[in-house]
Each structure stands twice: as structure tokens, then as C-alpha cells.
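Presented below is the structure to which this report refers.
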Number of protein chains: 2
Amino acid sequence: MNSSPFSTKERILGAAESLFATHGFAGASLRQVTAAAKVNLAAVNYHFGSKDKLIEEVFRRRLDELNTRRLGALGHLAQKPETTLEAVLEAYIGPALDLSRTGGGGAAFVRVLARAYAEHNETLRKFLSENYGHVLRQFAAEFQRLLPALSKEELYWRLDIVTGALTYAMADFGIIQRKNEVAEQAHREQAADHLVHFAAAGLRAPSPHPAPRG
Amino acid sequence: MNSSPFSTKERILGAAESLFATHGFAGASLRQVTAAAKVNLAAVNYHFGSKDKLIEEVFRRRLDELNTRRLGALGHLAQKPETTLEAVLEAYIGPALDLSRTGGGGAAFVRVLARAYAEHNETLRKFLSENYGHVLRQFAAEFQRLLPALSKEELYWRLDIVTGALTYAMADFGIIQRKNEVAEQAHREQAADHLVHFAAAGLRAPSPHPAPRG
DNA sequence: CGTATTCTCAAACGATCGTTTGATTCGAAC
DNA sequence: GTTCGAATCAAACGATCGTTTGAGAATACG
């Protein structure tokens with residue numbers, strides 16, 4: 001019955017990903033999603049149970065592979081004395097870049113990911129923390145090994161900044177607008193290159209023992 | 001009739017700011033807003049005309065003062081040979097910090113500002129660009145003077161990263177969660193201090209003439 | 001005072017939301 | 001061919017959305 005090579009579930013996930021990226025979770029309706037996926041409205045609740053479950057599935061589909069690849073890349077570097085800061089950053093950012101490079105909607109997903117940070121939805125936050133929190137903790141441990149001069153608190157502050165900048169840059173929210181659809185991949189690769197370079201310098205900055213502002 | 005010292009318009013703006021920060025523009029309904037403001041539902045359309053106009057007014061109320069203060073701080077530094085990179089960053093970030101420090105809902109507004117980046121709402125983007133784009137251009141010119149080794153393109157990439165990190169950090173989206181309401185101001189000041197330090201190092205990083213990734 | 005204007009209020013408007021229902025169609029197993 | 005579970009469909013559910021209405025209360029001005 002499907003004229004498309006993709007199943008109904010896959011078409012819903014793809015359309016939802018794209019529309020959530022553009023309009024947000026509350027702003028994109030199931031009627032928009034099912035219309036874009038060319039499926040019946042009831043198909044969402046039939047296949048996923050509810051809109052919230054659909055949102056979770058949009059995340060799970062991408063994050064399972066993304067974080068597996070991140071940990072795999074980290075596994076080749078961890079504990080080795082010759083590992084560089086740039087290499088660990090690359091292990092974290094590279095899979096996200098690859099994801100955004102795959103034609104099948106991954107570029108939209110990184111925008112959805114940025115949405116998740118902006119959403120203060122507690123249910124969503126808990127889901128992400130429970131399912132993928134261990135990845136961030138493993139990377140933090142490796143960064144700590146490479147930056148022993150930083151206190152744990154200082155390190156977490158900086159990793160927080162890197163994560164924010166990564167999310168923001170990959171999601172293409174910035175003032176720098178690309179010219180056309182063809183240049184999107186090149187644009188995103190440039191963003192990642194600049195980001196790794198910038199983040200490495202920021203992480204390496206000497207600890208300030210900050211004085212009161214004024 | 002108002003038992004509050006604030007007018008109906010002011011109470012609506014304050015409640016809207018807080019709820020937009022938490023639930024987003026589409027996620028916060030006018031019924032939630034008017035209930036929190038303890039005013040009648042129809043008051044929004046009477047005083048502002050529509051929900052979209054209310055959103056614009058939430059921005060205008062804060063950004064007019066914020067950007068005036070930013071340009072004022074920049075005016076004391078621009079063209080002077082002894083100006084430092086940190087001072088210009090401080091001129092950009094400091095007023096945002098002060099805003100988030102004022103008790104009257106400014107802390108919520110910085111989260112609203114971050115929402116604006118995540119929203120791909122063209123109407124909102126156009127409004128912000130038309131009304132406040134000149135501020136970013138003036139700061140870019142001053143950064144260019146202080147970082148002559150950077151190409152214009154390279155500089156814009158880095159400023160884009162700084163803006164993203166600033167927005168993200170000030171909006172308190174990160175993994176670092178503060179313990180209670182009392183510590184919020186101290187938390188935010190720490191975030192700004194770390195951010196200035198991090199951003200200055202990132203901006204000063206030598207130009208990479210980036211090689212192909214691999 | 002009376003009058004005009006501004007503001008607030010409960011109530012309802014039509015539209016759209018997420019979800020559910022029940023009938024119908026499909027594809028494999030026997 | 002018959003049967004049966006899976007999938008799709010049009011239609012409708014109650015709830016909530018932004019917005020509008022018209023009457024009443026508060027305020028300002030003569």
C-alpha cells in the first residue's frame with residue numbers, strides 16, 4: 001500500500017524529526033506530521049501510543065547510534081598517554097557531524113537536539129539523562145585525565161560551555177547563514193572545524209582562580 | 001482594582017516572560033499567562049492586540065535597555081588603543097549579566113532570549129534583526145580591530161560561537177544545576193566569569209587555515 | 001452632579017489540538 | 001477459499017487554543 005520504500009513508522013519518524021526541528025515539539029501538530037508523512041492521522045497513536053512517545057522515539061532512533069559511536073571513538077583513545085585534547089573533542093563532535101551529514105534527516109535531528117536543551121520539559125530531560133547520561137560522564141573522566149590542572153568544578157563548567165556551543169553551532173542557529181542547500185554539508189563541516197579549534201583553546205586556558213567582578 | 005503595585009500590562013509582561021521561558025512561545029497559553037498575572041483573559045488582546053504582539057513586547061521591554069547599555073559600554077572602549085579583548089567581551093556580556101541579576105524577571109528573560117534562537121519563527125527573527133542587528137555589527141567592528149589577524153569570515157564564525165555559548169550559559173540550560181533559589185545570582189555570575197575567560201581564549205586562538213578533516 | 005472614556009469581566013466564538021472509535025482493507029497462514 | 005491479526009482509514013470525541021463580544025465597573029473630566 002505504501003508507494004514509498006519506507007515503512008509507515010519510518011515515514012512518521014522522518015516527518016516528525018523535520019517538523020519538530022522547525023516548529024518545536026509543541027508547535028508541530030500530529031496533523032502536520034501525518035500530512036507530511038502521507039499517512040493517516042491515527043497512525044501515530046497506533047504505532048507509537050502518543051505524541052510524547054513519538055518524541056522519545058525520534059530521540060532514541062538517532063541517539064542510540066550516535067552515542068555508541070562516540071563511546072567507540074573514545075574507547076580507541078582512552079587511557080593512552082599519547083591522546084590529545086583535540087582527539088577527544090573530535091570523538092565527541094565527529095559522530096555528531098557525521099550524523100548531520102547523512103542525507104536521511106540527520107541534519108534536522110541536530111536541530112531537534114538543540115530544541116531539547118531549550119525545552120525545560122522535565123519528562124524529556126529525565127529520559128535523556130537516564131538513557132544517555134553515562135556517555136557524558138565517560139567523556140568528562142577522559143577530559144579530566146588530559147587536563148589535570150583543572151578542578152572538577154572548573155572542568156564541568158567548561159564542558160558545559162562546549163556542549164552549549166556544539167549544540168548551537170551544529171543546529172545552525174547562528175547569524176551565519178548558508179547560501180543554498182548544496183552548501184549545507186560544507187557549512188556544517190566548517191562549523192565543526194571552527195568549533196573544535198575554539199573549544200580546545202578554551203579548555204586549555206589556565207585556571208583563573210576568579211576574582212570578584214568589577 | 002489592582003491589589004498589586006504593578007499595572008495590568010506590567011503584570012502580563014512579567015507572567016508572559018516567566019512562562020515563555022519555561023514552556024516556550026507555543027507551549028505557554030494565554031490562559032496560563034493571564035492566570036499567573038491574575039488578570040482577565042481578554043486583557044491580553046485588549047492591551048497588546050494579539051499573542052504575537054505580546055511576544056514582541058516582551059522582547060522590546062528588555063532589549064531596548066540591554067542593547068543601549070551594551071552600546072554605551074562599547075562607546076567607552078571603542079577606538080581606544082589600550083582596549084582589551086576581555087573589556088569588549090565584558091561590554092557585551094556584562095549588561096546581559098546585570099539584566100539577569102535584576103530581581104524583576106530578568107533572569108527569566110535570558111531564557112526567553114535563548115528560546116528565540118531555537119525558534120525558527122521567521123517573523124520573530126526578522127523583528128530581532130531589524131531592531132537590534134546594528135548592535136552586533138558594531139561589536140563585530142571592534143572585535144575586528146582588536147583581532148586584525150583574523151579574516152572577516154573567521155571572526156564571524158568565532159563570534160557566532162561566542163553568542164551561542166553566551167546564550168546557552170546565561171539561560172542556565174546546562175548540566176550544571178544550582179542547588180536552590182538563593183544561589184541563582186552567584187551561579188549566574190560564575191557562568192559569566194567562566195564564559196568571558198573561555199571566550200577570550202577561543203577568540204585569540206591562532207588562525208588555523210583549516211586542513212581537510214580526517 | 002452627569003457624561004465620556006478606559007478598563008475589566010464572564011461568556012462564547014470557531015479553529016485546532018491529541019486521542020479514540022469502529023469499520024474496512026491488507027497480507028500471510030492454513 | 002477461508003480465516004485472522006495487522007494495518008489503514010474517515011469520522012468524531014472532549015479539551016484547549018487565540019480571539020471576540022457586549023455588558024458592567026472604574027476612572028477622568030466637564
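As the structure is a prediction and not an experimental result, all values here were calculated from the model. All chains are named by letter (A, B, ...) in the order of the sequence lines, taking the proteins before the strands, and each is independently numbered beginning at 1.
As rounded to whole Å, 14 Å separates atom P of D:dT8 from atom CG of A:Asn45. As rounded to whole Å, 10 Å separates atom P of D:dC9 from atom CD1 of A:Ile12. Whole-Å rounding puts the B:Lys9 NZ to C:dT6 P distance at 13 Å. Summarising the geometry, the separation between CZ on B:Arg31 and C1' on C:dA12 is reported as 10 Å, rounded to the nearest angstrom. Going from atom CG of A:Leu19 over to atom P of C:dG18 covers 12 Å, rounded to whole Å. Rounded to an integer number of Å, the gap from B:Leu30 CG to D:dG18 C1' is 6 Å. Rounded to whole Å, the distance from NE2 on B:His23 to C1' on D:dG18 is 18 Å. Residue A:Glu10 contributes atom CD, which lies 15 Å from atom C1' of D:dA7 at whole-angstrom precision.
Summary of the strand contacts: A:Asn40 and B:Leu41 both lie near DNA chain C, and taking for each the nucleotide with the nearest heavy atom, the more 5' one is attributed to B:Leu41. Toward the 5′ end of DNA chain D lies the nearest nucleotide of A:Ala43, the other residue of the pair A:Ala43 and B:Val44 mapping further downstream. Of the two residues contacting DNA chain C, namely A:Ser29 and A:Tyr46, the nearest-nucleotide position lying further toward the 5' end is that of A:Ser29.
Geometrically, A:Arg158 does not engage B:Phe198 in a cation-pi contact, judged by NZ or CZ lying under 6.0 Å from the ring centre and within 45° of the ring axis.
At a threshold of 4.0 Å, the pair A:Arg111-A:Glu17 does not count as salt-bridged, since none of the basic side-chain nitrogens sits closer than that to a carboxylate oxygen. Between A:Lys53 and A:Glu56 there is no salt bridge, since no side-chain N of the basic residue sits under 4.0 Å from a carboxylate O of the acidic one.
Using cut-offs of 30° and 60° for the angle between ring planes, the B:Phe127 and B:Tyr132 rings count as perpendicular.
Regarding contacts with the backbone of C:dT6, every side-chain N or O of B:His47 stays at 4.0 angstrom or more from both OP1 and OP2. Note on B:Thr8: a side-chain N or O is less than 4.0 Å away from OP1 or OP2 of C:dT8.
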